[in-house]
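Heads up, the thing below is written out as structure tokens.
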Amino acid sequence: MSISRALFSGSLMLLFALTLFAQSKPNFTRLDGKSDESAYRQMVEKIKAGDDTVDFVKFRAAYLEWSLDECNVLESPDRDAFVAAYEAKDYAKALAKVDSVLDYEYANYNLHRAIAAAYTNVGNAEKAAFHTKIADKLIDGLMASGDGRSAKTAYRVHAIREEYFVMRKLGYAVSGQALSMDKEYGVFDILTGKDSSGKTGSFYFNITDVWVGSNSSKPCAAKKATK
């Protein structure tokens, strides 16, 4: 085969591979009919591809911003089937739905842990290790989101359960919780607890974007029109 024919053949193979990738890449549509091209979606694709340069503090923030946009579809249609199969310990059936569920909840470290357990049960050590790694990075992203010592450096959480998770990671048993509002930094939970030595500590958690009274969400006109 001549060099020109070999290059042409190689180009066709590359084009074919790129076409397959484009076809297999998820195409998410928002309620307003637009394509979901959010930073969250883009970062998910990078993580799936094994990109170790992704900043998981920023990824968690991107997920929160994505979830606050009411035009985005936030839950996989396969989630109930995944949970039912997982709880029934039919791990092969659960894993058949896992990619769809993950696309909507890639920032859920508990989900990655469950998926890692499922892959372990079906004997796929490589994928189990991958999802364990992602779960660990998400937890690291949570712990690196602040130090909890002040409103300015509060941990940024997605839900109240993460506050208690952080307290456990820090070695504190929670003994009290208070709500605080700061004109500059937003709304906070302040959790107080004691560690194994009896030392008392208080830590700030920024809940500005997830608080019930928050105005952080972005209303979707298309959503109202469908009601």
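These numbers come from a predicted model, not from an experiment. All values below were derived from every heavy atom in this structure, side-chain atoms included, with hydrogens, water molecules and symmetry-related copies excluded.
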For a quick test of your reading: what N or O donor-acceptor pairs under 3.5 Å do the side chains of residues 166-175 make, sequence neighbours left out?
from : atom 1 : to   : atom 2 : distance (Å)
S175 : OG     : T192 : O      : 3.2

When rounded to the nearest 0.5 angstrom, what is the spacing between [atom1] in [X] and [atom2] in [Y]?
X: D136; Y: Y109; atom1: CG; atom2: OH; value: 12.0 Å
X: N121; Y: Y86; atom1: CG; atom2: OH; value: 7.5 Å
X: K97; Y: S76; atom1: NZ; atom2: OG; value: 8.5 Å
X: T53; Y: D51; atom1: OG1; atom2: CG; value: 3.0 Å
X: D189; Y: F203; atom1: CG; atom2: CZ; value: 14.5 Å
X: Y104; Y: Y63; atom1: OH; atom2: OH; value: 12.0 Å

* Asked: Hey, are the side chains of L102 and K48 touching, using non-hydrogen atoms and a 4.5 Å cut-off?
  -> no
* Between R30 and D32, does at least one N-O distance fall below 4.0 Å, as a salt bridge requires? ->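 The answer is yes: the pair qualifies as a salt bridge.
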Shortest non-hydrogen separation from [X] to [Y] and the atoms involved:
X: E37; Y: Q42; value: O-NE2, 2.8 Å
X: D78; Y: S100; value: OD2-OG, 3.1 Å
X: Y155; Y: M143; value: CE2-O, 3.4 Å
X: M43; Y: D55; value: CE-O, 3.8 Å
X: E162; Y: V157; value: OE1-CA, 3.4 Å
X: A151; Y: D182; value: CB-OD2, 4.2 Å

* Stepwise side chain to side chain contact (heavy atoms under 4.5 Å, CB included) check, I115 with F82 -> CA-CA 10 Å; I115 292 168; F82 168 79; 4.2 Å; yes
* To do: Find out if a path of hydrophobic residues (ILVMFWY) with successive side-chain heavy-atom gaps under 4.5 Å connects V57 to I134.
  =>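 Each belongs to a different hydrophobic cluster.
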Check: [X] side chain, [Y] main-chain N or O, donor-acceptor pair, under 3.5 Å:
X: R60; Y: R156; result: yes
X: T208; Y: V187; result: yes
X: N72; Y: L74; result: no
X: R41; Y: D103; result: yes

* Verdict with supporting geometry, V210 and L64, side chain to side chain contact (heavy atoms under 4.5 Å, CB included) -> CA-CA 9 Å; V210 296; L64 186 56; 3.8 Å; yes
* Asked: After noting the C-alpha distance and the side-chain angles of K127 and L95, does the key distance pass the side chain to side chain contact (heavy atoms under 4.5 Å, CB included) rule?
  -> CA-CA 11 Å; K127 287 195 173 182; L95 290 171; over 6 Å; no
* Asked: In terms of ring plane angle, is the pair F59 and F56 parallel, tilted or perpendicular, where the classes change at 30° and 60°?
  ->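 If you compare the ring of F59 with that of F56, the planes turn out perpendicular.
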* To do: Please work out which of the three classes, parallel, tilted or perpendicular, describes the rings of Y119 and H131, given edges at 30° and 60°.
  => parallel
* Structure fact -> Excluding Y204, membership of its hydrophobic cluster (Ile, Leu, Val, Met, Phe, Trp, Tyr; side-chain heavy atoms within less than 4.5 Å) reads Y185, F188, I190
* Asked: Should we say atom NZ of K137 is surrounded by more than 12 heavy atoms from elsewhere, each under 6.0 Å from it?
  ->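 Counting neighbours around NZ of K137, more than 12 heavy atoms of other residues, nucleotides or ligands fall under 6.0 Å, so yes.
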* side chain to side chain donor-acceptor pair (under 3.5 Å) partners for R79, two or more places apart ->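 Partners of R79 under the side chain to side chain donor-acceptor pair (under 3.5 Å) test: E105.
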* Asked: Would V101 and V83 satisfy side chain to side chain contact (heavy atoms under 4.5 Å, CB included), going step by step from the backbone distance to the final call?
  -> CA-CA 10 Å; V101 177; V83 172; over 6 Å; no
* Aromatic centroids of F130 and H112 separated by under 6.0 Å -> no
